[in-house]
Amino acid sequence: MIIFYNKQTGNIVGTIDGRIHNEDHLKMWIGEAKETERIICNWKAVKYFNKDGKKVTQGSTETPAADFEPEHSQKQLFIDLDKKPSLIYDYRVDLKTKRLVKK
Amino acid sequence: MAYKLRVSKAGFNAISESNLNNIVYDSDYDTLKYYSNGSINLPVNAANTETTVTHGLGYVPFFIVYFQNPVFTTRYSMTPHVFEDVSNYAYLSAYADSNNIYFSAHTNSLTATVTFLYKIFRNNTGL
């Protein structure tokens, strides 16, 4: 998820949803560029599985599947947001720490 | 020899079926290609206002926008949408150019934060 927030207030102005953001998403912007800033949370593969569902090591030649986790200090919150993206509007960004905090 | 990909509904022959209503996918025909989706919060204070998503595609894409009813929050409608009575109106809409999707509220009375939900596709409308 990419979260755009107001640089002065920390209020969330919009999101780009999803787990992996390629360069197309990174070229996007929400709101006026001089008024908003963004937080990018990509998910990374943490466990790899072969085609039989058996766990394998990273770099193995047989890894058609993987489990993913958010690569962020607020991992559990981003797991919750992935399930229900609308929850983001219950939060704002703390301008000092750049962390999401409940309104 | 040219190849194509075709997937039929269960019970239909993918090679010989001539009715496209029984075909789930046929590579001879274009389909919607996902680009991005997300949401926008637009604070509205009884006056016209607008915000943007910069999609950066360089052309006008196919897109769909829903909004969450600010009063009946479990209801979602597609834009454009009009709320109107004898003296008050609110017109919620979305439009695009080659760089942005614009989310717009034209109103004389609505005071609410409107949540828009958007889906943008790579398909070029040619507009």
Side-chain angles (χ1 to χ4, degrees), chain A residues 1-43 68 70 72 74 77-95 100-103, chain B residues 32-45 49-77 79 92 94-105 112-124:
Chain A
M1 179 180 258
I2 303 176
I3 299 164
F4 291 81
Y5 62 94
N6 185 293
K7 279 197 271 202
Q8 305 299 321
T9 64
N11 287 332
I12 310 289
V13 298
T15 67
I16 300 171
D17 297 340
R19 292 185 174 190
I20 307 289
H21 298 290
N22 59 21
E23 58 186 56
D24 286 333
H25 285 185
L26 296 178
K27 281 191 288 192
M28 292 177 66
W29 201 267
I30 296 182
E32 293 287 336
K34 55 182 188 272
E35 291 176 5
T36 55
E37 190 46 85
R38 66 184 177 182
I39 294 170
I40 301 169
C41 177
N42 271 316
W43 288 46
F68 288 79
H72 196 275
Q74 293 180 283
L77 175 56
F78 278 93
I79 290 171
D80 296 339
L81 289 171
D82 186 66
K83 291 177 189 157
K84 196 174 179 193
S86 59
L87 279 177
I88 189 62
Y89 297 109
D90 294 343
Y91 292 81
R92 49 177 286 278
V93 175
D94 181 307
L95 295 173
L100 293 168
V101 295
K102 267 250 176 173
K103 279 191 195 168
Chain B
L32 285 178
K33 300 171 194 59
Y34 167 80
Y35 177 67
S36 176
N37 72 289
S39 63
I40 296 269
N41 247 18
L42 181 65
V44 183
N45 295 306
T49 188
E50 189 171 273
T51 190
T52 58
V53 167
T54 301
H55 58 74
L57 285 165
Y59 53 81
V60 178
F62 185 92
F63 69 96
I64 296 174
V65 173
Y66 289 79
F67 75 94
Q68 182 183 29
N69 190 306
V71 175
F72 303 104
T73 55
T74 58
R75 297 182 188 176
Y76 294 84
S77 302
T79 56
L92 303 178
Y95 62 98
D97 61 24
S98 59
N99 211 37
N100 298 309
I101 308 285
Y102 301 84
F103 301 81
S104 173
T113 296
V114 179
T115 300
F116 291 94
L117 303 148
Y118 67 88
K119 288 190 186 294
I120 306 171
F121 299 86
R122 289 187 178 276
N123 302 66
N124 186 341

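Here is how names work: the chains are called A, B, and so on, in the same order as the sequence lines, proteins then strands, and each is numbered from 1.
Of the two parts of B:Tyr102, neither the backbone nor the side chain holds a non-hydrogen atom closer than 4.5 Å to a non-hydrogen atom of chain A. In this structure, chain A has heavy atoms under 4.5 Å from both the backbone and the side chain of B:Tyr35. There is no contact between B:Thr113 and chain A, counting heavy-atom distances below 4.5 Å. Proximity to chain A is limited to the side chain of B:Ile120, based on heavy atoms less than 4.5 angstrom apart.
Residues of residues 11-18 of chain A placed with any heavy atom under 4.5 Å of a heavy atom in chain B are listed by number as A:Ile12, A:Val13, A:Gly14, A:Thr15, A:Ile16, A:Asp17. The stretch residues 81-90 of chain A places A:Tyr89 near chain B, each with some heavy atom under 4.5 Å from a heavy atom of that chain.
B:Ile40 has its side chain within reach of A:Ile30: a pair of non-hydrogen atoms, C-beta onward, lies under 4.5 Å apart.
Summarising the local packing, NZ of B:Lys33 is surrounded by more than 12 heavy atoms from other residues, nucleotides or ligands at distances under 6.0 Å.
When the candidates B:Ser39, B:Ser36, B:Gly38 are compared by the number of heavy-atom contacts under 4.5 Å with chain A, B:Ser39 comes out ahead.
Heavy-atom minimum distance, A:Met28 versus B:His55: CG-O, 3.8 Å.
A distance of 8.5 Å separates CD in A:Glu32 from OG1 in B:Thr54, rounded to the nearest 0.5 Å. Here B:Asn41 contributes atom CG and A:Phe4 contributes atom CZ; the two are 14.0 Å apart, rounded to the nearest 0.5 Å.
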